[in-house]
Amino acid sequence: MRLANFINGTFVPPRANAYLDDVEPATGEVLAHVPDSDSQDVDDAVRAAKAAFPAWAAMHAEQRSRLLLKLAELIEQNLDELAQLESRDNGKSVSLARRLDIPRAVANFRFFATAILHHASEAHIADGHALNYTLRQPIGIAGLISPWNLPLYLLSWKIAPALACGNTCVAKPSELTPLTAQRLAELSLDAGIPPGVLNIVHGYGAKAGAALCEHPDVPLISFTGGTVTGAKVAATAAPKFKKLSLELGGKNPNLIFADADLDEAVSTSIRSSFWNQGEICLCGSRIFVERSIYDAFLERFVAATKQLRIGDPADPQTDVGALISAAHLEKVTGYLRLAEEEGGTIVTGGKRVDRPGFFLEPAVITGLGCDCRVLQEEIFGPVVTITPFDAEDDAIAFANSTRYGLSATVWTRDLQRAHRVAAKLDAGTIWINCWLLRDLRVPFGGVKDSGVGREGGVDSLHFFTEPKNICVKLS
Ligand code: NAD
C-alpha cells in the first residue's frame, strides 16, 4: 500500500517522490509506504490551508459543527475498519482500538462540534462608563503534530477543536502510524469538509514536522509527543512567537494506601500499567504501596500480570500486543537490563516473546528506590516498578520525585486523605480510585517537563482562538 499526502482535498504524492516504510509491529513486515515529505510538501499544504481559511473562518459555527458531526458519524460507521487499521499499524490489540481509540476519536469530534455552539465570551461593564467585551476569532493555520501511541484519538484531539473554532490546519501524524490519518482524510471528503480545511502531510518529524514548526504562515502549533522533541519544537516555535501547546511525556505515580479496595486497585492498576503495552502517556509506571499491604498487593498484581494474554493484536482475546518498533523494543529491554544493574529484581515478565514482531512480556520490577534511572526516566513500555512506602508524606515525596508531572492515581477510601494528597501531587490530572476516566470539559495537560498549556473543553477553544478586547465608551 502506498499512502499519499492530503492537500487541498486531493491525495498527492510527495514532491520529491520519496517514501519511507511503515512496519507492522506484530510481524516486522512492511505494511505501507509513507510519503517522506519535506518543506515543499509542507509549503503546499500551508498554501492550501491559507486559501481555505477565509471562507472556513467566516462560515457559521452551526455549519462547521454540522460538517464535523457528519465526520464523527462516518468514523463511527467505520469503527471496525478503523480499529483494525489502528491495531495493525500500532501493534495494539484490536479490542482496545475498538473500545478506546476509535470511540474516543468520535467523541472528540462530537464534543468540539457541539462545544463551539455554546462557547460564550466575556463582557464587563466598567462602572457604567465603558463596556469591554472579548471577541474570540480563529487564528489561521494550525500546525498539529501527534505521536504513534493513540494515533487517531490524539490527531482528532487537535483537529476537532482547531476546525470547530474556524481555523484550517496542517496535521503531521506520526510516521510510524499513518494509516488511520489517511482514512480520516478520505472520510473528511465524504463528510463534505471543504478542500484545504484539513490537510495531512506525512513524514519524519525532523523533516516534515520541523518544517511545519518553522513555517512563517503557521501561527500556532499543538504538539503531543516526547519531552525531548517538545523542547526542539519549542526552540523552533518560541522565537517566532507562535502560540504553542506541548503535551509531553510522563512517569506517572500510582499511590495505593492500606485502606484501598484491593481488588479494584489491583485490577485497575493492571490496566493502567499494561494497556496498550504501557504505551499510553497516562500509564502509571511507578506503583507505590503502603508497606502493610505491600506483600498482598504484589502477590495479586504479579498473579494478574501472568494472566495477561500476549499475542496477535488482531485476536480480540489479546490483552497485550506488540511494541511499536524494533528500536522501541530495544529501548525498553535496555531499561530492564538497567533495572538489574541498579539492583532491582524482575519479579515476572521482561522476556521477548518467541515470535516475529516486537513482543515483550509485561514486566514487574521491585527493589528499586526513587533515585534509580528506571524510576526517573520515561520507559513507555509494559514495565512497572513496585515500591513500598511507610507514611503519607513519603508517598507524596516519592510521587513528586521526577521531572515529570502528567497524571497520578490515588487509591484510598479515606476521603480527606484523597483530597489532601491530590492537592499536593505535581500532576495535571489526578485520578482517585479510578484511571483514565475522561470528561472532555476538563483542562488536560501536564506540569514540569510533562508540558506547557492546557487543552480540553474551554481551554482548547481558547487555545485555538485569539481573544481581542473591545472597549466601548458608554458615557
Ligand atoms: P516523538 O516526540 O518522537 O514524536 C511525536 C511527533 O513529533 C511525531 O509526529 C514526530 O514525527 C514528530 N517530531 C519528531 N521530531 C520533530 C521535530 N524536530 N519537529 C517537529 N516534530 C517532530 O514522540 P513519540 O515517540 O511519537 O510518542 C511517544 C511520546 O509521546 C511519549 O513521550 C509519550 O509520553 C508522549 N505522549 C504524550 C501525551 C500527552 O498527552 N501528554 C500523549 C501521548 C503521548
Side-chain angles (χ1 to χ4, degrees), residues 20 22 25 34-39 42 89-90 92 100-101 104 108 143-158 170-178 181 200-215 218 221-238 242 244-252 275-285 323-325 327-329 331-332 377-381 402-407 427-429 436 438 442-456 459-460:
L20 54 104
D22 177 19
V34 191
D36 174 7
S37 308
D38 59 24
S39 57
V42 169
D89 213 10
N90 170 277
K92 70 179 70 206
L100 182 78
D101 295 62
R104 286 196 177 197
N108 285 340
L144 311 175
I145 301 175
S146 58
W148 48 261
N149 64 322
L150 300 163
L152 188 63
Y153 172 28
L154 290 175
L155 200 61
S156 62
W157 173 245
K158 300 179 182 308
V170 177
K172 210 296 285 168
S174 170
E175 62 276 21
L176 300 176
T177 51
I200 296 178
V201 175
H202 294 284
Y204 288 118
K207 205 181 199 179
L212 187 55
C213 295
E214 276 159 19
H215 203 292
V218 177
I221 299 284
S222 171
F223 171 85
T224 300
T227 295
V228 172
T229 319
K232 288 184 196 157
V233 167
T236 307
K242 298 188 181 213
L244 191 59
S245 161
L246 300 172
E247 303 196 331
L248 309 177
K251 189 73 181 173
N252 310 307
W275 251 20
N276 210 45
Q277 301 71 245
E279 296 166 332
I280 299 180
C281 54
L282 303 164
C283 276
S285 54
L323 298 197
I324 184 70
S325 65
H328 192 55
L329 176 65
K331 175 189 156 184
V332 175
E377 298 172 16
E378 187 185 43
I379 299 173
F380 214 55
T402 73
R403 54 197 274 248
Y404 294 106
L406 190 54
S407 70
T429 298
L436 212 60
R438 285 295 291 281
V442 304
F444 178 79
V447 300
K448 302 201 291 199
D449 286 10
S450 287
V452 177
R454 289 291 178 275
E455 294 189 41
D459 290 281
S460 288

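Atoms within a ligand are numbered from 1 in the order they appear, just like the ligands themselves.
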Self-check item: Heavy-atom nearest neighbour of atom 10 (C) of ligand 1 within options E175, K331, H328, K207
Solution: E175
Practice problem: With the side chain counted from C-beta on, respond yes when K92 and E279 share a heavy-atom pair under 4.5 Å apart, and no when they do not. | Solution: no
Pairs under 3.5 angstrom only: tabulate donor-acceptor contacts from the side chains of residues 200-214 to other protein residues two or more places apart or in another chain.
unit_1, atom_1, unit_2, atom_2, d
K207, NZ, D36, OD1, 3.1
K207, NZ, D36, OD2, 3.3

Practice problem: For T402 and K251, test the side chains for any donor-to-acceptor distance below 3.5 angstrom and give the result as yes or no. | Solution: no
Quiz prompt | Shortest protein heavy-atom distance from atom 40 (O) of ligand 1, along with the residue and atom involved | solution = F444 CE2, 3.3 Å
Quiz item: Do the side chains of L406 and L282 get nearer than 4.5 Å, heavy atoms only?
Solution: yes
Quiz item: Any side-chain heavy atom of N252 within less than 4.5 Å of one from Y404?
Solution: no
Self-check item: Nearest neighbour in protein (non-hydrogen) for atom 28 (C) of ligand 1
Solution: F380 CE2, 3.6 Å
Quiz item: Side-chain contact, heavy-atom cut-off 4.5 Å: L244 with V233?
Solution: yes
Quiz item: With a 4.0 Å cut-off on heavy atoms, does G230 reach ligand 1?
Solution: no
Exercise. Mark the output for A210 as yes if a heavy-atom distance to ligand 1 is under 4.0 Å, and as no if none is.
Key: yes
Quiz prompt | Protein residue, atom and distance nearest to atom 42 (C) of ligand 1, heavy-atom basis | solution = C281 SG, 2.9 Å
Quiz item: Taking heavy atoms and a distance under 4.0 Å, where does V233 meet ligand 1: side chain, backbone, both or neither?
Solution: side chain
Exercise. Note the single closest protein heavy atom to atom 23 (O) of ligand 1, along with its residue, its atom name and the distance in Å.
Key: G226 N, 3.4 Å
Practice problem: Please tell me if the side chains of V170 and V218 come closer than 4.5 Å, counting only heavy atoms from C-beta onward. | Solution: no
Quiz prompt | Under-4.0 Å heavy-atom contact between protein and atom 36 (N) of ligand 1 | solution = yes
Exercise. Measure the distances from the heavy atoms of G446 to every atom of ligand 1 and state whether one is below 4.0 angstrom.
Key: no
Quiz item: Less than 3.5 Å between some nitrogen or oxygen of S450 and one of ligand 1, yes or no?
Solution: no
Quiz item: Looking only at protein heavy atoms, which one is nearest to atom 31 (C) of ligand 1, and how far off is it?
Solution: E378 OE1, 3.5 Å
Quiz item: Purely on distance, is any nitrogen or oxygen of C213 under 3.5 Å from one on ligand 1?
Solution: no
Exercise. Determine whether C281 and E247 make a side-chain contact, defined as any pair of heavy atoms from C-beta on separated by less than 4.5 Å.
Key: no
Quiz item: What's the shortest distance from atom 20 (C) of ligand 1 to any protein heavy atom, and which residue and atom give it?
Solution: G209 C, 3.3 Å
Quiz item: When you measure from atom 41 (N) of ligand 1 to every protein heavy atom, which one gives the shortest distance, and what is it?
Solution: L248 O, 2.7 Å
Quiz prompt | Best match, T236, T229, L282, L150: closest heavy atom to atom 14 (C) of ligand 1 | solution = T229
Practice problem: Distance to 0.1 Å, residue and atom name: give those for the protein heavy atom nearest to atom 22 (C) of ligand 1. | Solution: G205 CA, 3.3 Å
Self-check item: Region of N149 that comes within reach of ligand 1 [heavy atoms, distance under 4.0 Å]
Solution: side chain
